[in-house]
Amino acid sequence: MTNINRRTALITGGANGIGLGIARAFAREGARIALIDLDNSALERAKVELSAVTEVFTATLDVRDRSAYAKVVDAAENQLGAVSVLVNNAGVAGGAPSDRLTYDLWDWGMGINLDGVINGVQTVLPRMLDRRDGGHIVNTASGAGLVAGPGNALYCTAKFAVVGMSESLEIELKPHGIGVSVLCPGPVATGIIERTRAGQPKVTRAMSSEQRSSAFEKFEASKKFLANGVPPDAVGTMVLEAIHENRLFIHTDRSMQGLIEERCKALIAAMPA
């Protein structure tokens with residue numbers, strides 16, 4: 001399926017950042033939009049904006065809640081029609097260095113960044129298969145789902161899993177006319193760092209003044225790094241083009257090219273003769 005006109009697209013994390021950029025691109029293409037988010041005020045603003053272009057359904061949902069997820073999809077389909085484009089975009093950017101990780105942080109990060117994607121696929125995909133009318137699934141991973149980095153074990157664990165899931169699903173679902181794309185963005189100009197920090201479980205282990213200063217500097221550097229990134233609306237257009245082309249990988253820039261090449265070379269070099 002490469003044409004989303006008059007199709008229903010469900011987008012998690014759809015009221016801000018990349019999710020909203022995708023919603024805008026899909027709305028311009030004529031899709032009906034089901035926006036899912038935890039940010040009620042952002043949902044209201046997005047609904048006002050997008051309703052001028054297309055039919056819109058909104059719902060507040062924690063993507064970790066499986067039973068609530070099914071009810072939201074039921075309500076969206078009752079209003080807009082069968083969901084045939086699923087965008088598992090809800091995510092968080094936080095975590096901590098490995099020596100400061102806790103079970104609470106692992107459960108929170110994996111619950112949103114990985115379980116949220118699993119829940120979306122497991123809730124919507126069986127419906128797509130039963131209808132035999134094609135469809136497309138977009139999973140938001142990250143450049144950090146392709147190459148690991150320091151202080152990023154929690155985030156990389158979830159995002160590597162999303163990439164692997166997407167690659168496997170793409171092979172399995174092709175005969176059913178269901179495409180799969182995995183979005184692996186580099187820096188994108190969103191407020192995800194600030195939103196993540198507001199909702200992230202606290203790291204209770206005591207820090208020295210030097211550690212606190214270092215953590216603050218990294219936080220500010222991350223915000224600046226993202227602020228200079230690709231605009232979310234441009235990412236939305238890239239996602240739409242990937243659906244049109246039925247393309248698996250979506251990159252927002254070439255910033256990871258060298259690191260990906262190094263990783264692939266290391267993998268091949270480690271193989272026995």
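Small disclaimer: the values here were computed from a predicted structure and weren't measured.
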When you compare the side chain of [Y] with that of [X], does any pair of heavy atoms fall below 4.5 Å?
X: Thr123; Y: Arg66; value: no
X: Leu86; Y: Leu125; value: no
X: Ile178; Y: Leu129; value: yes
X: Val162; Y: Ser142; value: no
X: Val63; Y: Asn119; value: no
X: Glu29; Y: Leu240; value: yes
X: Arg32; Y: Phe57; value: no
X: Leu43; Y: Leu35; value: yes

Donor-acceptor pair, distance only, cut-off 3.5 Å: does the side chain of [X] make one with the backbone of [Y]?
X: Asn139; Y: Asn88; value: no
X: Ser84; Y: Arg7; value: no
X: Thr12; Y: Asn89; value: yes
X: Thr8; Y: Leu80; value: yes
X: Ser181; Y: Arg247; value: yes

Common cluster, [X]/[Y], ILVMFWY with side-chain heavy-atom separation under 4.5 Å:
X: Met110; Y: Phe160; answer: no
X: Val53; Y: Leu10; answer: no
X: Val147; Y: Phe249; answer: yes
X: Ile18; Y: Leu38; answer: no
X: Leu105; Y: Tyr155; answer: no

Indicate the atoms forming the closest heavy-atom contact of [X] with [Y], along with that distance.
X: Pro187; Y: Ser255; answer: CD-OG, 4.1 Å
X: Gly149; Y: Cys156; answer: N-SG, 3.9 Å
X: Asn16; Y: Asp39; answer: ND2-OD2, 3.5 Å
X: Gly135; Y: Met128; answer: CA-SD, 4.5 Å
X: Thr252; Y: Pro185; answer: OG1-CA, 3.5 Å
X: Ala27; Y: Thr54; answer: CB-CG2, 3.7 Å

Could you go through the side-chain contact (heavy atoms from CB on, under 4.5 Å) check for His136 and Ile4 one step at a time? CA-CA 9 Å; His136 205 98; Ile4 69 169; over 6 Å; no

Using 0.5 Å steps for rounding, measure from the [atom1] atom of [X] to the [atom2] atom of [Y].
X: Ile112; Y: Asp62; atom1: CD1; atom2: CG; answer: 6.5 Å
X: Leu61; Y: Ile36; atom1: CG; atom2: CD1; answer: 6.0 Å
X: Trp108; Y: Thr102; atom1: CH2; atom2: OG1; answer: 10.0 Å
X: Met256; Y: Glu262; atom1: CE; atom2: CD; answer: 10.5 Å
X: Cys264; Y: Leu146; atom1: SG; atom2: CG; answer: 9.0 Å
X: Arg28; Y: Arg24; atom1: CZ; atom2: CZ; answer: 8.5 Å

State whether the number of non-hydrogen atoms from other residues, nucleotides or ligands found under 6.0 Å of Gln122 atom CD is greater than 12. no

Please evaluate residues Glu170 and Lys174 with respect to the criterion salt bridge (charged side-chain N to carboxylate O under 4.0 Å, His left out), reporting the C-alpha separation (whole Å), side-chain torsions for both, the decisive distance (0.1 Å), and the verdict. CA-CA 6 Å; Glu170 192 264 348; Lys174 189 176 294 183; 3.4 Å; yes

Regarding Arg127 and Asp133, does a basic nitrogen lie under 4.0 Å from an acidic carboxylate oxygen? no

Thinking salt bridges, do Lys47 and Asp37 make one under a 4.0 Å N-O criterion? no

Derivation and outcome, side-chain contact (heavy atoms from CB on, under 4.5 Å), residues Leu183 and Met238: CA-CA 9 Å; Leu183 173 60; Met238 295 174 192; over 6 Å; no

